[in-house]
Amino acid sequence: MKKKYTMKDIAQECGVSAATVSYVLNDVPNQSISEKTKQRILHVAHLVGYVSNSSARALATGKTNNWGVYAPHLGNSAHKQRLLQALADEVEKAGSHLVFLTDKCLHQKITNVDATFALDVSQEEFAVMGENSFVPLLYLDGQIEDDLFFCITLDAEAIRRKAQQECGCQKIVLICDRLACRNYQQYLENCFDEVLTFEEAENRAFSADTAVIAPSTFRQARCCRFSEAELRRLYQSYAKAAVSMAERAIARDESPTPHLIRIL
């Protein structure tokens, strides 16, 4: 049987008093409680299944069978397009539909979806989405130090090892989109000798002891490429992990699990 959470449990999780939690959940007016504290209490209350406010309860329990995705930097990125297609397929298998969210999700409450994916957004944008969301919010191609949220990224260390084994080079350069999340960008820069955008790499001359991880459109230097079958498996694994974590969050599955998941 799942634990029945109390206001005291929520207060301990948020580092506030039980009275503060009661004021927020019961929408008591004229209390000097910061908006940030209110949002965190409401978010924790939703995640553990405890909400007393009727409108919050409707948001927490009403199912729409729509899952939202916010991907403001999609552009012509082959990586993001592959990931979104795989994600849409896996969401359909879960019996729901993937719908695109506009930047309104940065200015108003996220409603009419059962879960939300934020793909390649800045940490500041993700924090705002977290404050505006009463449904599970998952960070794709990003990482944040907050165990309220699941973060899912590619396993850069494993990708580097693959390149070293295939090309026999110790120096490995990654060519990819510039990322909005500073933490994830820094992670990649720590894993590879260089991380370059396509524009930065276009006219670079790479030494013979350097292997380049790049998409098929990049023809220079010694490249390590994933086969089409490997790419399908990679993106399917990424999407499956994202959907699985979203389903667990929606069901409020309390089984221990890491909140930062690396995929290869």
Side-chain angles (χ1 to χ4, degrees), residues 1-5 25 39 42-74 77 79-121 125-142 144 146-153 232-255 257-259 261 263:
M1 180 180 293
K2 291 185 177 180
K3 174 182 176 180
K4 184 176 180 180
Y5 283 83
L25 295 183
Q39 294 295 342
L42 289 169
H43 203 99
V44 171
H46 162 66
L47 290 178
V48 302
Y50 185 106
V51 279
S52 57
N53 180 275
S54 59
S55 61
R57 183 180 294 110
L59 286 170
T61 61
K63 290 193 68 175
T64 67
N65 291 324
N66 289 325
W67 293 14
V69 59
Y70 180 54
H73 309 296
L74 181 58
S77 168
H79 162 66
K80 294 188 184 73
Q81 290 170 5
R82 280 183 176 272
L83 178 54
L84 286 172
Q85 183 58 61
L87 189 62
D89 291 343
E90 293 301 320
V91 170
E92 289 283 344
K93 290 177 185 177
S96 294
H97 305 285
L98 191 66
V99 296
F100 279 88
L101 302 177
T102 70
D103 60 5
K104 287 183 179 179
C105 66
L106 299 177
H107 310 291
Q108 61 189 38
K109 300 299 182 186
I110 300 172
T111 60
N112 301 321
V113 294
D114 301 325
T116 301
F117 301 103
L119 172 58
D120 185 32
V121 302
E125 289 172 319
F126 188 83
V128 170
M129 292 183 69
E131 292 176 354
N132 288 338
S133 181
F134 289 100
V135 299
L137 173 63
L138 295 89
Y139 206 171
L140 308 184
D141 280 8
I144 191 169
D146 191 330
D147 59 11
L148 283 177
F149 305 104
F150 288 109
C151 305
I152 304 172
T153 73
R232 283 197 299 271
R233 181 198 60 77
L234 178 66
Y235 285 104
Q236 185 180 49
S237 296
Y238 196 133
K240 280 185 174 180
V243 169
S244 175
M245 293 303 100
E247 288 180 318
R248 292 181 64 171
I250 291 171
R252 302 189 184 94
D253 185 338
E254 299 167 18
S255 304
T257 185
H259 280 245
I261 301 163
I263 302 298

After noting the C-alpha distance and the side-chain angles of Val113 and Val135, does the key distance pass the side-chain contact (heavy atoms from CB on, under 4.5 Å) rule? CA-CA 8 Å; Val113 294; Val135 299; 4.2 Å; yes
Check against side-chain contact (heavy atoms from CB on, under 4.5 Å), Val91 and Phe117: CA-CA 11 Å; Val91 170; Phe117 301 103; 4.3 Å; yes
Please evaluate residues Val99 and Trp67 with respect to the criterion side-chain contact (heavy atoms from CB on, under 4.5 Å), reporting the C-alpha separation (whole Å), side-chain torsions for both, the decisive distance (0.1 Å), and the verdict. CA-CA 6 Å; Val99 296; Trp67 293 14; over 6 Å; no
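Listed by chain and residue number, nothing satisfies the side chain to side chain donor-acceptor pair (under 3.5 Å) test with Glu131 (two or more places apart in sequence, or in another chain). Contacts of Leu74 classified as side chain to side chain contact (heavy atoms under 4.5 Å, CB included), with partners at least two apart in sequence or in another chain: Lys80, Gln81, Leu84. Listed by chain and residue number, Glu90 satisfy the side chain to side chain donor-acceptor pair (under 3.5 Å) test with Lys93 (two or more places apart in sequence, or in another chain). In this structure His79 satisfies the side chain to side chain donor-acceptor pair (under 3.5 Å) test together with Asp141, Tyr235, sequence neighbours excluded. With sequence neighbours left out, the side chain to side chain donor-acceptor pair (under 3.5 Å) criterion links Asp89 to Gln85. With sequence neighbours left out, the side chain to side chain contact (heavy atoms under 4.5 Å, CB included) criterion links Arg233 to Ser237.
The two atoms that bring Leu87 and Ala242 nearest to each other are CD1-CB, 4.0 Å, heavy atoms only. Here the closest non-hydrogen pair linking Ala118 and Met129 is CB-SD, 3.9 Å.
With hydrogens and angles ignored, the 3.5 Å screen pairs no side-chain donor or acceptor of Tyr139 with any backbone N or O of Thr153. The closest donor-acceptor contact from the side chain of Asp114 to the backbone of Asn65 lies under 3.5 Å. With hydrogens and angles disregarded, a donor-acceptor distance shorter than 3.5 Å links the side chain of His259 to the backbone of Phe149.
How far OH of Tyr70 is from OG1 of Thr116: 12.0 Å, rounded to the nearest 0.5 Å. Note: Leu148 CG to His43 NE2 = 5.5 Å, rounded to the nearest 0.5 Å. Residue Cys151 holds its SG atom at 8.5 Å from CG of Leu138, rounded to the nearest 0.5 Å. The CG atom of Leu119 sits 12.0 Å away from the CG atom of Leu101 when rounded to the nearest 0.5 Å.
For the pair Ile152 and Ile263, the minimum side-chain heavy-atom distance is below 4.5 Å. No side-chain heavy atom of Asn132 sits under 4.5 Å from any side-chain heavy atom of Cys105.
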